[in-house]
Amino acid sequence: MTGCAWIWMYIGAFLMLAELLLPGFVIFFFGLSAATVALIRFALGDSFSLMWQLAAFSFFAILYLALLRRLMKRLFAGDTETSPLDFGQEAVGRIGRVVEAIEPPKTGRVMIGDAEWTAASATPIEAGADVRVVAQENLTMRVERI
C-alpha cells in the first residue's frame with residue numbers, strides 16, 4: 001500500500017514549505033526526513049512498518065540537522081559585512097537648533113538636519129538657540145549652546 005508513502009511525502013512537502021514562513025532553518029530538515037521516509041516506503045512497500053518509519057524519521061531528522069544545517073545555513077545566509085562607522089555616535093559634533101526649551105533635569109527637543117530629537121543639557125537652553133551635539137545616549141542627544 002503506497003498511500004502511507006504519499007502521506008509522508010505530503011508531510012515532507014508541507015514542512016519544507018513551512019520553512020518559508022518560519023525563521024530558523026530547522027523545519028526544512030524535518031520535511032527532508034519525511035521525504036526520505038516516503039522514498040524508503042516506496043522502495044520497500046508494506047515491509048517497512050509504521051514503527052520503522054517513525055524510527056527512520058527520527059534518525060534522518062537528527063542526521064540532517066547535525067550534518068546539513070550548518071552547511072545549508074551558510075549557503076543561504078550569504079556574506080555579511082561590518083561597517084567601520086560607529087552608528088551609535090554619528091550625530092556627535094553636528095549643529096542643531098532648539099525647538100522646545102531644555103530646562104534641566106527635563107529634556108527638550110532639537111532639530112538636527114531634518115529630524116527632531118529629544119535633547120538634554122547641563123544648563124538651560126531656550127527655544128531658537130543653536131546647539132552642538134556633544135554626546136548621543138540612545139535616542140537622546142546631549143547638547144551644549146554654541
Side-chain angles (χ1 to χ4, degrees), residues 1-122 125 127 130-144 146:
M1 180 170 146
T2 60
C4 190
W6 283 109
I7 291 172
W8 279 109
M9 193 62 77
Y10 292 138
I11 291 170
F14 173 77
L15 290 173
M16 285 188 254
L17 288 173
E19 184 65 48
L20 297 173
L21 302 174
L22 302 169
F25 208 54
V26 172
I27 299 172
F28 174 83
F29 296 104
F30 288 98
L32 189 60
S33 177
T36 303
V37 170
L39 293 175
I40 295 171
R41 173 71 183 185
F42 278 126
L44 299 179
D46 289 335
S47 63
F48 194 48
S49 70
L50 181 60
M51 181 184 73
W52 284 107
Q53 291 172 44
L54 294 173
F57 175 77
S58 299
F59 171 76
F60 284 115
I62 293 169
L63 181 72
Y64 292 151
L65 276 168
L67 297 180
L68 295 178
R69 184 171 186 264
R70 188 174 301 134
L71 172 73
M72 298 294 276
K73 196 170 183 179
R74 211 173 328 135
L75 180 70
F76 287 108
D79 296 329
T80 58
E81 291 184 23
T82 57
S83 172
L85 300 174
D86 182 7
F87 290 108
Q89 297 296 315
E90 67 183 5
V92 174
R94 293 190 63 188
I95 305 296
R97 182 173 303 267
V98 177
V99 293
E100 182 182 307
I102 304 168
E103 297 176 17
K106 294 181 182 177
T107 59
R109 305 286 292 169
V110 294
M111 182 66 79
I112 300 171
D114 60 352
E116 194 172 302
W117 297 86
T118 301
S121 175
I125 305 174
D130 289 333
V131 292
R132 175 180 284 115
V133 178
V134 293
Q136 182 175 347
E137 300 162 356
N138 294 326
L139 297 177
T140 301
M141 303 299 162
R142 181 83 44 199
V143 296
E144 65 182 19
I146 52 171

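This is a predicted model, so every value here is computed, not measured.
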_With R97 via salt bridge (Lys or Arg N to Asp or Glu O under 4.0 Å) - residues at least two apart_ = D130
*Can you name the residues that form a salt bridge (Lys or Arg N to Asp or Glu O under 4.0 Å) with R142, not counting sequence neighbours?*
E137
Would one find more than 12 heavy atoms of other residues, nucleotides or ligands at under 6.0 Å from atom [atom1] of [X]?
{"X": "L50", "atom1": "CG", "result": "yes"}
{"X": "E144", "atom1": "CD", "result": "yes"}
{"X": "R109", "atom1": "CZ", "result": "yes"}

*Is the side chain of E19 donor-acceptor paired with the backbone N or O of I27 at a distance under 3.5 Å, no angle test?*
yes
*Do the side chain of R41 and the main chain of F48 share a donor and acceptor less than 3.5 angstrom apart?*
yes
What's the spacing between [X] [atom1] and [Y] [atom2] if we round to 0.5 Å?
{"X": "T118", "Y": "N138", "atom1": "OG1", "atom2": "CG", "answer": "11.0 Å"}
{"X": "I146", "Y": "I125", "atom1": "CD1", "atom2": "CD1", "answer": "10.0 Å"}
{"X": "F28", "Y": "L68", "atom1": "CZ", "atom2": "CG", "answer": "8.5 Å"}
{"X": "E100", "Y": "M111", "atom1": "CD", "atom2": "CE", "answer": "12.0 Å"}
{"X": "L63", "Y": "S58", "atom1": "CG", "atom2": "OG", "answer": "12.0 Å"}
{"X": "R94", "Y": "Q136", "atom1": "CZ", "atom2": "CD", "answer": "10.0 Å"}

*Applying the side-chain contact (heavy atoms from CB on, under 4.5 Å) test to F60, which of L32, T36, L65 qualifies?*
T36
*Going by the side-chain contact (heavy atoms from CB on, under 4.5 Å) test, name the single residue among W52, F57, F42 that passes it with V37.*
F57
Taking every non-hydrogen atom, the tightest pair across [X] and [Y]:
{"X": "I102", "Y": "A119", "result": "CD1-CB, 3.8 Å"}
{"X": "V92", "Y": "A135", "result": "CG2-CA, 3.9 Å"}
{"X": "A34", "Y": "I11", "result": "CB-CG2, 4.2 Å"}
{"X": "A61", "Y": "S33", "result": "N-OG, 3.2 Å"}
{"X": "A5", "Y": "A38", "result": "O-CB, 3.3 Å"}
{"X": "T107", "Y": "A120", "result": "CG2-CB, 4.1 Å"}

*Can you name the side chain to side chain donor-acceptor pair (under 3.5 Å) partners of W117, sequence neighbours left out?*
none
_Side-chain heavy-atom pair Q53, I40 within 4.5 angstrom cut-off_ = no
*Chi angles and distances behind the side-chain contact (heavy atoms from CB on, under 4.5 Å) call for V110, V99*: CA-CA 5 Å; V110 294; V99 293; 5.8 Å; no
